[in-house]
Amino acid sequence: MTQKAPTLVWFRQDLRLHDHPALQWAIEQGGPIVPVYIWSTEEQATGSLGSASKWWLHQSLDALRTSLEQRGSRLIFRSGDPLQELNHLAKETGARQLVWHRLYEPYAVRRDTEIKQWGLAQGWTVHSLNGSLLHEPWEIQTAQGKPFQVFTPFWKACQQKSVQPLARALPKSFKTPVRWPGSVSLSSFKLEPAIDWSAGIKACWQPGEAGAQQLFRAFINGAIERYQEDRNRPDLAGTSRLSPHLHFGEISPRQIVNALLHHAAGQSLHRQKQADAFVRELYWREFAYHLIYHFPHTVHQPLRAHYQSFKWNRNPGHLKAWQRGRTGYPIVDAGMRELWHTGWMHNRVRMIVASFLVKHLRLPWQDGAKWFWDTLVDADLANNTLGWQWTAGCGADAAPYFRIFNPTLQGKKFDPDGHYTRQWVPELAQLPTHFLFEPWSAPEAVLNQAGVKLGQTYPEPLVDHAQARAEALAAFAALPKG
Ligand code: FAD
């Protein structure tokens with residue numbers, strides 16, 4: 001009996017084995033399975049993947065390879081132009097079937113469409129599936145058949161749709177090809193930094209599917225109980241920290257929603273409300289993907305076109321001070337240092353530091369997005385674009401331009417005892433909480449006692465809040481009306 005032709009399973013941002021519809025589809029074809037990861041030319045281009053993301057990707061690929069090997073399979077690594085590499089792999093293995101999960105980043109949509117057309121023209125079966133969203137961006141529409149630009153109606157429309165069931169349980173082993181195609185080594189991708197700066201990040205994270213599941217289980221057995229109350233508090237472990245795992249597809253949002261449904265069954269109303277609040281945040285992620293798919297230009301340009309003419313400042317010194325966590329505003333500096341050290345920042349603090357960059361310093365949101373892109377382990381084009389355009393006031397359902405976060409009040413409100421700020425700005429640790437978020441207002445004696453010398457041990461504020469606010473309001477008000 002002749003063996004069925006192999007199926008190539010092209011892994012991308014879906015670095016897991018469970019709830020993996022593409023893998024399930026490949027298993028159903030009945031032939032051998034060749035799992036492949038291609039370090040593509042698009043990703044190799046300078047700046048297309050940040051340093052922190054590269055570090056994560058290396059660890060995650062390593063974990064996926066191990067899981068596949070435990071099932072008697074392999075992960076074939078290739079580097080270069082995906083179309084060419086897939087063509088070579090098809091020739092080497094005799095594969096005539098190719099399957100992947102869809103990506104929604106503009107470059108990936110263009111590339112994948114081209115590969116699909118090319119594969120079909122060769123007589124292959126090319127199958128793409130949804131592996132990373134609860135709903136496809138084109139399934140959710142306004143009554144007029146248009147994409148949504150406001151979150152709440154988007155979310156309500158999503159709730160009218162059902163979520164696809166989970167993929168079937170995995171077999172213990174996969175069918176393997178008679179002869180495996182060649183693979184380059186993972187280290188040849190050079191994803192890990194040449195000079196090892198990753199100690200802080202390493203200590204905080206366990207990339208890979210097992211790490212994602214462990215974190216999720218810990219969250220639903222713990223912090224979810226107080227998610228609504230604590231999710232805005234950077235001093236508490238009040239959120240799931242699943243964002244990098246979700247970005248790399250080590251856990252799927254379907255798995256999360258499914259597990260919460262099971263977990264919520266028979267639970268108290270309080271518990272269900274907490275789960276609903278958490279799922280609502282997952283829908284912000286869905287909204288971000290909806291937007292990037294329908295408005296791909298927003299990666300670089302404001303969704304609200306009239307913002308294009310905003311007169312941004314150009315001040316490399318200010319940008320550098322912000323990046324290094326030396327703005328003189330303690331909550332801003334705490335966030336920027338947390339980011340540098342751990343590759344992650346709490347959502348509330350992301351909003352504060354982003355608002356400070358675009359409103360107080362009036363530096364372009366694209367500069368901030370770029371820094372986040374390079375330093376976040378969860379750097380995600382859709383979420384980052386939404387977050388920055390929202391803060392700058394130029395995106396979908398954005399904060400109005402006149403809402404300018406006061407970094408002192410934000411610190412006092414969301415880090416009430418100062419634990420978070422003291423952790424990341426230790427040179428202010430001895431200041432009483434009353435002055436912690438505005439050290440410039442502390443009497444000389446208090447500063448002396450806390451060992452703080454403004455301008456020496458800790459910077460003076462880069463700008464005065466009231467003045468920066470007034471200037472920002474005037475600059476935004478001068479924009480032509482949209
Ligand atoms: P939880 O509160 O546990 O939420 C669960 C999941 O829901 C998150 O993992 C995330 O996937 C999703 N989510 C939650 N809040 C948001 C949100 N506001 N927008 C979109 N999705 C959300 N998130 C990224 O994943 N990558 C980014 O590059 C990114 N850049 C951002 C830039 C700015 C300026 C801002 C304001 C926000 C950005 N976010 C980004 C969104 C948000 O800050 C993070 O998703 C969140 O902090 C992750 O922490 P968590 O997993 O503990 O969140």
Side-chain angles (χ1 to χ4, degrees), residues 13 49-50 52-53 56 105 132-134 151 154-155 204-205 212 215-216 218-220 222-224 226-234 236-253 255-257 260 274-292 299 322 332 335-336 338-339 342-359 363-399 403 405 410 414:
Q13 287 171 31
L49 216 70
S53 298
W56 190 288
E105 289 83 352
S132 63
L133 295 177
L134 296 168
F151 174 73
F154 166 80
W155 176 55
C204 302
W205 303 100
L215 200 58
F216 178 51
F219 178 68
I220 57 174
I224 199 168
R226 291 189 45 83
Y227 183 73
Q228 264 181 316
E229 295 80 5
D230 293 350
R231 57 175 288 271
N232 268 309
R233 292 275 302 271
L236 304 173
T239 67
S240 71
R241 297 175 70 103
L242 281 169
S243 47
H245 299 286
L246 276 161
H247 169 76
F248 286 97
E250 297 165 359
I251 187 168
S252 74
Q255 287 175 299
I256 296 180
V257 169
L260 287 174
Q274 302 289 348
D276 289 348
F278 179 63
V279 170
R280 192 172 189 274
E281 291 309 306
L282 281 179
Y283 273 102
W284 273 100
R285 176 177 181 272
E286 295 281 314
F287 187 47
Y289 276 85
H290 184 80
L291 293 170
I292 203 175
V299 172
W322 177 81
V332 175
M336 297 309 292
E338 179 187 25
L339 172 61
T342 70
W344 188 84
M345 193 196 297
H346 188 279
N347 182 57
R348 167 59 48 183
V349 191
R350 290 188 206 205
M351 292 195 282
I352 300 171
V353 304
S355 171
F356 188 83
L357 186 84
V358 295
K359 306 248 164 117
L363 293 174
W365 63 267
Q366 292 92 336
D367 285 358
K370 203 161 158 233
W371 182 251
F372 269 31
W373 187 253
D374 199 35
T375 50
L376 278 171
V377 284
D378 66 18
D380 180 284
L381 202 59
N383 282 358
N384 203 33
T385 304
L386 170 72
W388 279 96
Q389 291 225 19
W390 184 91
T391 319
C394 60
D397 203 5
R403 186 178 300 153
F405 283 143
Q410 290 281 315
F414 295 109

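Read the numbers this way: they start at 1 and go in the same order the structure lists the ligands and their atoms.
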In the protein, which heavy atom is nearest to atom 3 (O) of ligand 1, and how far is it? Ser240 OG, 2.6 Å

Mind checking the CG-CG spacing from Asn383 to Leu246? Nearest 0.5 Å is all I need. 9.0 Å

Here the gap from Met345 atom CE to Met351 atom CE, rounded to the nearest 0.5 Å, amounts to 12.0 Å

When rounded to the nearest 0.5 angstrom, what is the spacing between CZ in Phe356 and CG in Leu363? 9.5 Å

Atom 48 (C) of ligand 1 [closest protein heavy-atom partner, distance rounded to 0.1 Å]: Ser243 OG, 3.3 Å

Under 4.0 Å to a heavy atom of Ala379 - the qualifying atoms of ligand 1, by number: 28 (O)

Close-contact set for ligand 1 against Tyr227 heavy atoms, below 4.0 Å: 1 (P), 2 (O), 4 (O)

Looking only at non-hydrogen atoms, find the nearest pair between Glu286 and Pro253 and report the distance. OE2-CG, 4.4 Å

Counting heavy atoms only, which of Leu242, Ile224, Ile251 comes nearest to atom 51 (O) of ligand 1? Leu242

Ligand-residue contact atoms, ligand 1 with Asn347, heavy atoms, under 4.0 Å: 18 (N), 37 (C), 41 (C), 42 (C), 43 (O), 47 (O)

Should one rank Arg231, Arg241, Met351 by closest heavy-atom distance to atom 52 (O) of ligand 1, which comes out on top? Arg241

By number and element, which atoms of ligand 1 are closer than 4.0 Å to a non-hydrogen atom of Trp344? 48 (C), 49 (O), 52 (O)

Backbone or side-chain N or O of Asp380 under 3.5 Å from ligand 1 N or O: yes

Is the shortest N/O to N/O distance between Asp378 and ligand 1 below 3.5 Å? yes

Under a 4.0 angstrom heavy-atom cut-off, which atoms of ligand 1 come close to Phe278? 3 (O), 4 (O), 5 (C)

To the nearest 0.5 Å, what is the distance between CZ (Phe248) and OG (Ser132)? 13.0 Å

Measuring from Tyr227:OH to Asp276:CG, what's the distance to the nearest 0.5 Å? 12.0 Å

Nearest-contact summary for atom 39 (N) of ligand 1 - protein heavy atom, Å: Arg350 NH1, 3.6 Å

Please write down residue, atom name and distance for the protein heavy atom closest to atom 17 (C) of ligand 1. Trp284 CB, 3.8 Å

Winner among Asn383, Val349, Leu386, Val353 once heavy atoms are compared against atom 23 (N) of ligand 1: Asn383

Asn384: numbered ligand 1 atoms lying under 4.0 Å from its heavy atoms: 27 (C), 28 (O), 29 (C), 30 (N), 31 (C), 32 (C)

Which of the ligand 1 atoms, numbered from 1, are nearer than 4.0 Å to a heavy atom of Leu282: 6 (C), 7 (O)

Quick check: closest heavy atoms across Trp344 and Ser243, and the distance to 0.1 Å? NE1-OG, 3.2 Å

Walk me through it: do Phe287 and Trp155 pass the test ring-ring contact (aromatic ring centres under 6.0 Å, His included)? CA-CA 8 Å; Phe287 187 47; Trp155 176 55; over 10 Å; no

Identify the residue among Leu339, Thr239, Ile352 that makes a side-chain contact (heavy atoms from CB on, under 4.5 Å) with His346. Thr239

Whether the side chain of Asn232 engages the backbone of Arg348 through a donor-acceptor N/O pair (distance < 3.5 Å, no angle test) should be reported. no

Hey, does Glu250 have a side-chain heavy atom less than 4.5 Å from the side chain of Trp56? yes

Once you round to the nearest 0.5 Å, how far does CZ of Phe219 lie from CZ of Phe216? 8.0 Å

Indicate the atoms forming the closest heavy-atom contact of His247 with Asp380, along with that distance. ND1-OD2, 2.8 Å

Mind checking whether Trp373 has a heavy atom under 4.0 Å from ligand 1? no

Does any N or O of ligand 1 fall below 3.5 Å from an N or O anywhere on Glu281, backbone included? yes

Could you list which atoms of ligand 1 come closer than 4.0 Å to a heavy atom of Arg285? 11 (O), 20 (C), 21 (N)

Mind checking whether Phe219 contacts ligand 1 via backbone (N, CA, C, O), side chain (CB onward), both or neither, at a 4.0 Å heavy-atom cut-off? neither

So which heavy atom in the protein is nearest atom 33 (C) of ligand 1, and how far is it from that ligand atom? Gly387 CA, 3.7 Å

